[in-house]
Amino acid sequence: VQLQASGGGLVQAGGSLRLSCASSEGTFSSYHMGWFRQGQGKEREFVAAITWHGDSQYYAESVKGRFTISRDNAKNTVYLQMNSLKTRDTAVYYCAAALRRSDWRGYYYEVRGYDFWGQGTQVTVSS
């Protein structure tokens, strides 16, 4: 699965951005999807995830109430709406796809829970 993330950029603290991740695969709806981020010198960390049919969403505590993950399977695209951005949200954001394993809900927040990764898009939040 090829994933293409876009929508990153420079924004002031308190602002908003919407990231998109498009897949060229017609089987996009077969995958659970996730967003991770990696700040400079830091490990990649979980941000949000959504099940293949979109009925369940999961969030890291640090973004809960500010970020919203959604998907449009007809457009083969997953989104991450980011509001009330903080300087600590600065990172490269990656989208990822997970095969529909029955135990995925046990590790949706881990890098190992995903099988395919996009190239990342930079988000910089200035104070």
Between S6 and Q4, a side-chain donor and acceptor under 3.5 Å = no
Minimal non-hydrogen separation, Y114 against A49, with atom names = OH-CB, 3.4 Å
Where does the angle between the aromatic ring planes of W104 and H32 fall among parallel (under 30°), tilted (30 to 60°) and perpendicular (over 60°)?
-> parallel
Assess whether side chain to side chain contact (heavy atoms under 4.5 Å, CB included) is satisfied between Y79 and C21, documenting all intermediate values.
-> CA-CA 6 Å; Y79 305 97; C21 176; over 6 Å; no
Please confirm whether R37 makes a cation-pi placement over Y93, using NZ or CZ under 6.0 Å from the six-membered ring centre and within 45° of the ring normal.
-> no
V92 and T121: side chain to side chain contact (heavy atoms under 4.5 Å, CB included), yes or no, with the steps?
-> CA-CA 5 Å; V92 177; T121 185; over 6 Å; no
Kindly indicate whether a cation-pi arrangement holds for R44 with Y94, taking the cut-offs as under 6.0 Å to the six-membered ring centre and within 45° of the axis.
-> yes
Closest approach of A97 and L3, non-hydrogen atoms and distance?
-> N-CD1, 3.8 Å
Is the charged tip of R100 near the ring of Y31: under 6.0 Å from the six-membered ring centre and within 45° of its axis?
-> no
If every non-hydrogen atom of L80 is compared with every non-hydrogen atom of V47, which pair is closest and at what distance?
-> CD2-CG1, 4.1 Å
Please lay out, stage by stage, how E43 and V111 fare under the test side chain to side chain contact (heavy atoms under 4.5 Å, CB included).
-> CA-CA 10 Å; E43 292 188 355; V111 170; over 6 Å; no
Taking the side chain as C-beta and beyond, is there a heavy-atom pair between F67 and W35 under 4.5 Å?
-> no
Least distance between heavy atoms, A98 atom then G113 atom = CB-O, 3.2 Å
Give a yes or no on whether E110 atom CD has more than 12 heavy-atom contacts from other residues, nucleotides or ligands under 6.0 Å away.
-> yes
Student check: side-chain heavy atoms of L17 and L85 closer than 4.5 Å = yes
How about F36 and W117: are their ring centres within less than 6.0 Å of each other?
-> yes
Go through F46 and Y59 one step at a time and tell me if the ring-ring contact (aromatic ring centres under 6.0 Å, His included) criterion holds.
-> CA-CA 8 Å; F46 170 73; Y59 297 94; 8.2 Å; no
Between S70 and I50, which heavy-atom pair has the shortest distance, and what is it?
-> CA-CD1, 3.8 Å
Any donor-acceptor N/O pair, T77 side chain to K75 backbone, under 3.5 Å | yes
State whether the side chain of T68 and the backbone N or O of Q81 hold a donor-acceptor pair below 3.5 Å, judged by distance alone.
-> no
Would you say the side chains of R105 and Y58 form a donor-acceptor pair under 3.5 Å?
-> yes
Could you go through the side chain to side chain contact (heavy atoms under 4.5 Å, CB included) check for H53 and R71 one step at a time?
-> CA-CA 9 Å; H53 42 53; R71 67 189 297 160; over 6 Å; no
Please, which pairs that meet disulfide bond (SG atoms under 2.5 Å apart) have at least one residue in residues 57-94, sequence neighbours excluded?
-> none
Just checking, any donor-acceptor pair under 3.5 angstrom between side chains of N83 and S16?
-> yes
For V123 and G8, the nearest pair of non-hydrogen atoms, with its separation, is CG2-CA, 4.1 Å
Do T51 and Q57 touch side chain to side chain, with heavy atoms closer than 4.5 Å?
-> no
